[in-house]
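In what follows, chains carry the letters A, B, and so on, assigned in the order in which the sequence lines appear, proteins first and then strands, with residues in each chain numbered from 1. The figures that follow rest on heavy atoms only: side chains count, while hydrogens, waters and symmetry mates do not.
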Number of protein chains: 2
Amino acid sequence: MRSVSDLTARARIRDAALARFGTDGIAGTSVRAVAADAGISPALVVHHFGSKDGLRQACDDYVLDSIRSGGEAASEALGEVLQAATPVRRYLARALLDDTPAARALFAEIVERTETWLETGEAEGWVRTSADARARTVTYVSWLLAPLVLGDHVGRLLGGDPAETATAVRGARAGLEMLTNGLFADDRWLAAFTAIDERNSR
Amino acid sequence: MRSVSDLTARARIRDAALARFGTDGIAGTSVRAVAADAGISPALVVHHFGSKDGLRQACDDYVLDSIRSGGEAASEALGEVLQAATPVRRYLARALLDDTPAARALFAEIVERTETWLETGEAEGWVRTSADARARTVTYVSWLLAPLVLGDHVGRLLGGDPAETATAVRGARAGLEMLTNGLFADDRWLAAFTAIDERNSR
DNA sequence: CTGATTATTGAACGTCTGTTTAGTCCGCGT
DNA sequence: ACGCGGACTAAACAGACGTTCAATAATCAG
C-alpha cells in the first residue's frame with residue numbers, strides 16, 4: 001500500500017517540496033507552488049501530509065533515511081549525498097540552518113559516528129592525538145558539512161558548474177591534502193593563538 | 001543628517017531586521033514583525049527603506065561594512081565577527097545560503113584576500129605547497145565559514161552556550177591544530193582518494 | 001511666527017497564505 | 001450491482017502579507 005502510493009502522487013509531492021524547500025527555503029515556499037510543481041491541487045498535499053509542517057517533517061524523514069541507508073561509514077554516505085543528490089543537499093543545508101529537529105539529530109549522529117571512527121584511527125595509529133578530541137571531532141564534522149552548505153559559492157569560485165562532480169572532487173582533494181600534510185609548515189599560528197588564549201584567560 | 005537619523009529610528013529598524021532576518025530567515029520575517037521589534041509602525045520601515053527588499057539590501061550593506069572595516073587581515077576581521085556579533089553572524093549565514101549578491105561578493109572577496117595571504121605564506125615558507133592552490137584556498141575559506149553557518153550545532157555539541165566565546169575558541173583551536181599538524185598521520189586516505197579519482201577519470 | 005520639509009501614523013488596499021469544506025470520481029470487496 | 005473508502009478537486013475561508021495613501025506631529029530655515 002505504501003510502496004504503491006509512494007510511486008505516484010505522494011512521492012511527487014514530496015520530491016517537489018524537497019526541491020522547492022531547498023532552493024527557496026521553507027518559509028519562502030508556498031503549498032500552492034509545491035502543488036503546481038507536482039501537478040496536483042493544493043488541497044491534496046494537506047490531504048496526504050496533514051499540513052505544511054507535516055510535509056516538512058516528511059521531507060526530514062526522507063532525507064534522514066536517504067543518508068542513513070547510504071552506507072555504514074559516515075564519511076562515505078555523506079560523500080555520496082554531497083556529490084550526487086543536489087536537491088537533498090540543498091534541503092539539508094536549509095534544515096541545518098533552520099535548526100529542524102531532524103537536522104539536529106542528524107548532526108549529533110554524524111558527530112557520534114565520526115568520534116568513534118577517529119578514536120579507532122587514533123588507537124590504530126593513523127590519526128594523530130589531539131589536545132581536545134571532542135572539539136576536533138565537532139570541528140571536523142563542520143568542515144565536512146561546509147561544502148554542503150556553501151556548495152554554490154565554492155562551486156562558482158572553482159569555476160564550472162557547482163553541481164558538477166569534478167568541482168566537488170577538486171575541493172575534497174584539497175581538503176584531504178590539508179588534513180594529511182597540514183596547511184601551515186610551522187606552528188606560528190597555533191602558538192600565537194595559544195598565547196592570546198592564555199592571556200585572555202589569565 | 002545621515003548620522004543623526006542613523007542613531008534613531010532608522011538604525012533601530014535595521015538592527016531589528018538584522019536580528020529577525022538572521023533567526024527566522026528573510027522570507028520568514030514580516031515587515032510588521034520588524035516594525036514591532038523596533039517599536040514603530042510598519043509604514044515607517046517602507047518610508048525609510050522603500051520596500052522589504054530595500055531593507056534587506058541595507059542589511060547587506062551594513063554587514064559588509066562591518067566586516068570590511070573590521071581590519072586588514074581577512075582572518076582577523078572574520079574571527080572577530082564570528083565571535084562577537086551573533087546577529088550579524090546569523091544574518092551572514094542566511095545571506096550566504098540565500099545567495100544574496102552581497103554574500104556572493106563577500107565570499108569572492110574573502111577568497112581573493114586569503115589567496116594572496118596564502119601565496120605570501122608560501123613564498124615565506126610558513127605555508128606548505130599545494131597541488132591545487134585555488135581549490136585549497138576556496139576549501140579553506142569554506143572551512144573558515146563553516147562554524148559561522150553551523151555555529152548553533154557546533155556550540156550545542158561542544159556543550160555550553162553556542163554564543164559564548166569560550167565555545168568558539170575551543171573549536172577554533174581544534175581547527176588550528178588540524179591545520180598545523182594535520183589530522184591523519186599517514187597518507188592512506190589521500191592515496192585512496194587519488195586512486196579512486198584516477199580510476200574514475202580513466 | 002511662518003512655511004516647508006521630514007518623521008510618523010492608522011487605516012485601507014489587493015494579493016497571497018495555509019487550511020477547510022463539500023463534493024466528484026474511481027477502484028474494490030461483497 | 002451496490003456501496004464504501006480513499007484519491008482528488010474547486011471554491012471558499014479567515015488571516016497575514018507587502019504596500020499605498022491621506023493625514024498628523026515634529027523639525028527647522030527664514
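By the 4.0 Å N-to-carboxylate-O rule, D61(A) lies too far from R14(A) to be salt-bridged with it. Ion pairing between R20(B) and D24(B) holds under the 4.0 Å rule for side-chain N and carboxylate O.
Cation-pi geometry between R10(B) and F49(B) is met: under 6.0 angstrom from the ring centre, within 45 degrees of the axis.
Atom-to-atom, NE2 of H47(A) to C1' of dA11(D) comes out at 18 Å; the value is rounded to the nearest Å. Atoms CZ (R32(A)) and C1' (dC16(C)) sit 7 Å apart, rounded to a whole Å. Atom CZ in R20(A) sits about 16 Å away from atom C1' in dG18(C), given to the nearest Å. When rounded to the nearest whole Å, the span between CZ of R10(A) and P of dG6(D) equals 14 Å. In this entry the distance linking NZ of K52(A) with P of dC16(C) reads 15 Å, nearest Å. If you take CD1 of I26(B) and P of dC17(D), they are 16 Å apart, rounded to a whole angstrom. Atom-to-atom, CG of D53(B) to P of dC17(D) comes out at 17 Å; the value is rounded to the nearest Å. Regarding L55(A), its CG atom lies at a distance of 15 Å from the C1' atom of dT17(C), rounded to whole Å.
At a threshold of 4.5 Å between non-hydrogen side-chain atoms, the residues L118(A) and R113(A) do not count as touching. With contacts defined as side-chain heavy-atom distances shorter than 4.5 Å, the pair E115(B)/E119(B) qualifies.
If you check dT20(D), dG18(D), dG18(C) against the side chain of S30(B), the one that comes closest is dG18(D). Listed nucleotides: dA7(C), dT9(C), dT19(C). Nearest to the side chain of H48(B): dA7(C).
The residue among I40(B) and P42(A) whose nearest nucleotide of DNA chain C is located toward the 5' end is I40(B). Nearest-nucleotide mapping onto DNA chain D: of A43(B) and L44(A), the residue sitting toward the 5' end is L44(A).
Looking at heavy-atom distances under 4.0 Å, S41(B) makes contact with a base.
Not one side-chain nitrogen or oxygen of S51(B) sits closer than 4.0 Å to the OP1 or OP2 atom of dG18(D).
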